[in-house]
Amino acid sequence: SRGGGSGGVGAGFRSLFSYRIFISALFSLLFIATVSVLLTSRPPPTHHHSRLPSGANAYMHRTFLALNSDPLKTRLDLIYKQANDHITLVKTYAAYARKLKLENSKQLKMFDDLAKNFSDLTSKPSLFETDGNLDEDVLRQFEKEVKDRVKFARLMVAESKENYDNQLKIQKLKDTIFSVSESLGKAKKNGALASSIAAKSIPKSLHCLAMRLVEERISHPEKYKEELPKAEFEDPSLYHYAVFSDNVIAVSVVVRSVVKNAEEPWKHVFHVVTDRMNVAAMKVWFRMRPVEGGGHLEVKAVEDYSFLNSSYAPVLRQIESAKKQRFNFEKTTENVTKDGSNMKLKNPESMSMLNHLRFYLPEMYPKLHKILLLDDDVVVQKDLTGLWKIDLAGKVNGAVETCFGSFHRFSQYLNFTHPLIKEKFNPKACAWAYGMNIFDLDAWRREKCTETYEEWQNLNEDRTLWKLDALPPGLITFYSLTKSLDKSWHVLSLGYNPSISMDEINNAAVIHYNGNMKPWLDIAMNQYKNLWTKYVDNDMEFVQMCNFGV
C-alpha cells in the first residue's frame with residue numbers, strides 16, 4: 001500500500017510542474033508578439049517628410065508616435081494640420097468667389113495664389129537630418145513660414161467675409177441708404193431755402209437800375225410828363241398783351257422779344273401794370289427806350305384802378321389782413337425748412353396783388369375782346385398773332401396743359417378732403433400753366449368768371465381749400481372753361497429743369513423760366529440764360545452802369 005501512495009504523489013507533482021511551464025511559455029509568446037507589433041508599427045524614418053496619415057488610422061498613429069517619438073515630431077504634426085485646414089478654408093472662399101462671379105478678379109487671384117503657396121509649403125523637402133531626427137532650427141523656420149501664411153490667410157478671410165455674408169451686406173446697404181436719404185433730405189431743404197432766398201431777394205443790379213431810372217425822373221421832370229392815353233390802347237382790332245410785374249428789365253425783355261419776332265410790330269399793344277414803388281422807373285425806361293417797330297405801350301400802377309379796393313376785391317382784403325401778413329412773412333422760414341416743396345405757396349410774392357390782377361382783366365380792359373397774358377419771366381421766340389386766330393369754342397382760357405401721369409393734377413393743388421372741393425371738382429383733372437394764356441374776354445363776361453373767382457376766394461378765407469397762390473383759384477375759376485393748346489406754344493420749366501430738349505426749346509413760340517433760377521439771377525442755368533440775355537437792351541446806358549453781367 002505504501003508503494004501505491006508514493007506513485008500518486010509523484011504523478012500530481014509532475015502535472016503541476018507541466019502546467020507552470022505551459023503558463024510561462026504562453027506569457028513569453030505574448031510578450032514577444034507585443035514587442036514585434038510595436039517595432040513593426042514605427043514608420044520608416046525616410047518617410048517623415050510626407051504628410052501625416054488621415055482618417056481612421058490617424059488616432060492610433062498619433063498614439064504610437066507619442067510613445068515612440070520626440071516632441072518635435074508631434075509639433076510638426078500640428079503644423080501640418082494647421083496648414084491643411086487653412087488650405088481648405090482658402091480654397092472654399094476661392095470657389096465661392098467663382099460661384100458669385102465677383103467682379104473683383106484681383107481678390108479671387110489672391111485666394112488661388114495663397115492656396116498654392118500653402119500647398120508648396122507642405123510639399124517642401126525632408127525636414128529630417130540624415131540620422132532620422134528633426135532639426136529644431138529648421139522646424140522653427142518652417143513653423144514661422146506656416147504661421148505667416150496662416151496670419152495672412154486669416155486677414156484675407158476676415159476682410160472678405162462680409163462680401164459673402166448676404167445678411168451683413170443687406171444690413172450695411174440699408175444703413176447706407178438710410179444715412180444717404182437722411183442727408184439728401186436735409187440738403188434738399190437747405191438748398192430749397194437758399195434757392196428761395198436767392199430768387200426772392202432783389203439783386204444789386206436790379207436795385208441799381210431802378211434807382212438810376214428814378215434819379216433820371218427827378219433830375220429831368222420836364223422830359224417825363226404824363227401823356228394822354230392813345231386810341232390804340234382800346235382798339236380791339238389790335239393785338240393786346242397784359243404784363244404785370246415790378247421788374248423793369250424783365251418786362252423790357254418780354255416786350256422786346258415780342259416785337260422783334262412779330263411780323264407787324266406796329267399792331268401790338270402792351271399793357272404793363274406795376275406797383276406804386278416801381279411805376280416811375282418803369283415809365284422812365286420805356287420813355288428812354290420806346291417800343292421798337294412802332295409798337296404801343298402803356299404803364300400803370302395797381303392804384304390807378306380805383307375799383308380794386310378791399311371792399312370789392314376779397315383777395316386785397318386778405319392781403320391787408322394782419323393774420324395773412326404773419327402767415328406769409330413770419331412763418332416763411334419755418335415752413336420752408338419743414339417742407340421745401342411748398343415754398344412757392346408760402347412766399348409773399350404769391351399774395352402780391354400783381355399776381356391776382358389776372359382775375360380782373362375784363363374790368364381793367366372793358367373795350368377789348370381778347371388779350372394775351374404774359375408773365376415777366378418768359379421770352380417770345382415766334383410771332384404770336386396765331387393765338388388770336390385760335391377758335392376757343394366758347395371757352396374762356398386757352399392754355400398749355402402740364403399734366404403727365406399722376407403729376408400736375410387738380411389733387412396736387414386743391415384740398416380734396418374738404419367737402420366743397422370734393423363735390424365740385426375731379427381730382428384727376430389736368431392742370432394747366434400760367435405764363436402764356438389767351439383769354440376771350442367776351443366769354444369771360446358771359447360766364448361771370450370774376451364773380452366765380454371772388455366767391456371761391458371768400459370761401460378760402462381760412463386757407464382750407466388751397467394754399468395761397470394764383471394757380472389754384474385759376475384752376476377753379478376756369479374749370480371746364482379752358483381749351484388745351486399745342487405744347488409748342490409754351491415750353492415751361494427753364495427755371496429749374498436742366499434736361500429740357502434744345503429741339504423742344506427752339507421749336508417753342510414762348511419759353512418760360514418758371515422756377516427759382518430766373519435768367520436775371522446769378523443762379524440761372526447757363527444753358528438757357530443766353531436765350532434771355534440776347535433780348536436785353538445792352539445799349540441802354542443804365543444797364544451798362546449797373547453792371548448786369550449779361
Side-chain angles (χ1 to χ4, degrees), residues 224 226-262 264-308 313 352-380 383-385 387-388 396-399 434-445 449-450 470 474 510 535:
Y224 305 104
E226 293 295 329
E227 295 180 340
L228 294 176
K230 296 180 180 180
E232 289 82 0
F233 295 157
E234 295 182 343
D235 185 351
S237 65
L238 301 179
Y239 305 109
H240 293 263
Y241 300 80
V243 184
F244 306 141
S245 173
D246 58 1
N247 188 327
V248 177
I249 195 73
V251 173
S252 73
V253 167
V254 173
V255 173
R256 208 158 184 253
S257 66
V258 170
V259 296
K260 279 189 172 293
N261 291 286
E264 299 175 310
W266 58 90
K267 291 186 178 181
H268 295 258
V269 182
F270 300 91
H271 303 272
V272 177
V273 182
T274 186
D275 53 28
R276 185 183 300 171
M277 182 180 296
N278 291 282
V279 67
M282 198 79 74
K283 287 182 176 181
V284 171
W285 174 281
F286 287 106
R287 189 70 65 84
M288 294 179 70
R289 310 298 293 180
V291 180
E292 300 175 40
H296 312 281
L297 183 143
E298 66 168 341
V299 177
K300 287 190 175 183
V302 175
E303 292 74 16
D304 292 335
Y305 298 93
S306 57
F307 68 90
L308 289 175
S352 167
M353 192 58 201
L354 287 173
N355 214 31
H356 291 263
L357 284 179
R358 63 194 68 195
F359 295 104
Y360 297 95
L361 288 172
E363 290 78 13
M364 295 171 70
Y365 311 107
K367 295 185 179 182
L368 301 183
H369 303 310
K370 282 189 176 182
I371 194 167
L372 182 65
L373 177 67
L374 294 177
D375 280 358
D376 65 357
D377 54 353
V378 304
V379 170
V380 176
D383 182 79
L384 298 181
T385 55
L387 288 168
W388 276 263
V396 177
N397 174 29
Y434 273 128
M436 189 217 69
N437 306 80
I438 184 72
F439 289 107
D440 184 336
L441 299 183
D442 293 333
W444 184 315
R445 297 180 185 102
C449 293
T450 300
V510 175
Y535 291 106

Geometric cation-pi criterion R358 and F244, 6.0 Å radius, 45° cone: no
Pairs involving residues 273-284, ordered by first then second residue, that meet side chain to side chain donor-acceptor pair (under 3.5 Å) (sequence neighbours left out): E226-K283, D275-N278
I'd like to check the side-chain contact (heavy atoms from CB on, under 4.5 Å) partners of V254; sequence neighbours left out, ordered by chain and number. V243, L374, V378
Closest non-hydrogen contact found for N437 with A399 is ND2-CB, 3.4 Å
Nearest 0.5 Å please: distance from the CE atom of M364 over to the CG atom of L357. 4.5 Å
Nearest 0.5 angstrom please: L387 CG to F439 CZ, how far? 12.0 Å
What closest approach, in Å, do V258 and V380 show between heavy atoms, and which atom pair accounts for it? CG2-CG2, 3.5 Å
May I ask you to check whether Y535 and N261 show a side-chain donor-acceptor distance below 3.5 Å? yes
Quick one, H369 with D440, criterion side-chain contact (heavy atoms from CB on, under 4.5 Å). Give me CA distance, side-chain angles, the key distance, then yes/no. CA-CA 6 Å; H369 303 310; D440 184 336; 5.7 Å; no
All pairs passing side chain to side chain donor-acceptor pair (under 3.5 Å) where residues 250-259 contributes a residue, at least two apart: R256-E292
Quick one, I438 and L372 - any side-chain contact, counting heavy atoms below 4.5 Å? yes
Taking all non-hydrogen atoms of both residues, which atom of S245 and which atom of L354 are closest, and how far apart? C-CD1, 4.0 Å
Side-chain heavy-atom pair K370, L441 within 4.5 angstrom cut-off: no
Under 3.5 Å donor-acceptor, N247 side chain and I249 backbone: yes
Residues pairing under salt bridge (Lys or Arg N to Asp or Glu O under 4.0 Å) where one sits in residues 230-239, two or more places apart or in two chains, turn out to be E234-K367
So do the side chains of D375 and M436 get within less than 4.5 Å of each other, counting heavy atoms only? no
Run the ring pair (Phe, Tyr, Trp, His ring centres under 6.0 Å) test on Y224 and W285 for me, step by step, so that the C-alpha distance in whole Å, both residues' side-chain angles and the decisive distance to 0.1 Å come before the verdict. CA-CA 10 Å; Y224 305 104; W285 174 281; over 10 Å; no
So how far is it from T450 OG1 to L361 CG, rounded to the nearest 0.5 Å? 8.0 Å
Here's a test for you: under ring-ring contact (aromatic ring centres under 6.0 Å, His included), which of Y365, F233, W388 qualifies with Y241? W388
Those residues at least two apart in sequence (or on a different chain) that pass side-chain contact (heavy atoms from CB on, under 4.5 Å) with A262 are P265, H268, D383
Taking the side chain as everything from C-beta on, heavy atoms only, tell me whether Y239 gets closer than 4.5 Å to V269. no
Side chains of residues 293-307: which donor-acceptor partners sit under 3.5 Å, not counting sequence neighbours?
{"unit_1": "H296", "atom_1": "NE2", "unit_2": "W266", "atom_2": "O", "d": "3.2"}
{"unit_1": "E298", "atom_1": "OE2", "unit_2": "H271", "atom_2": "ND1", "d": "2.5"}
{"unit_1": "D304", "atom_1": "OD2", "unit_2": "A301", "atom_2": "N", "d": "2.9"}

Looking only at non-hydrogen atoms, find the nearest pair between Y360 and W444 and report the distance. N-CZ2, 4.4 Å
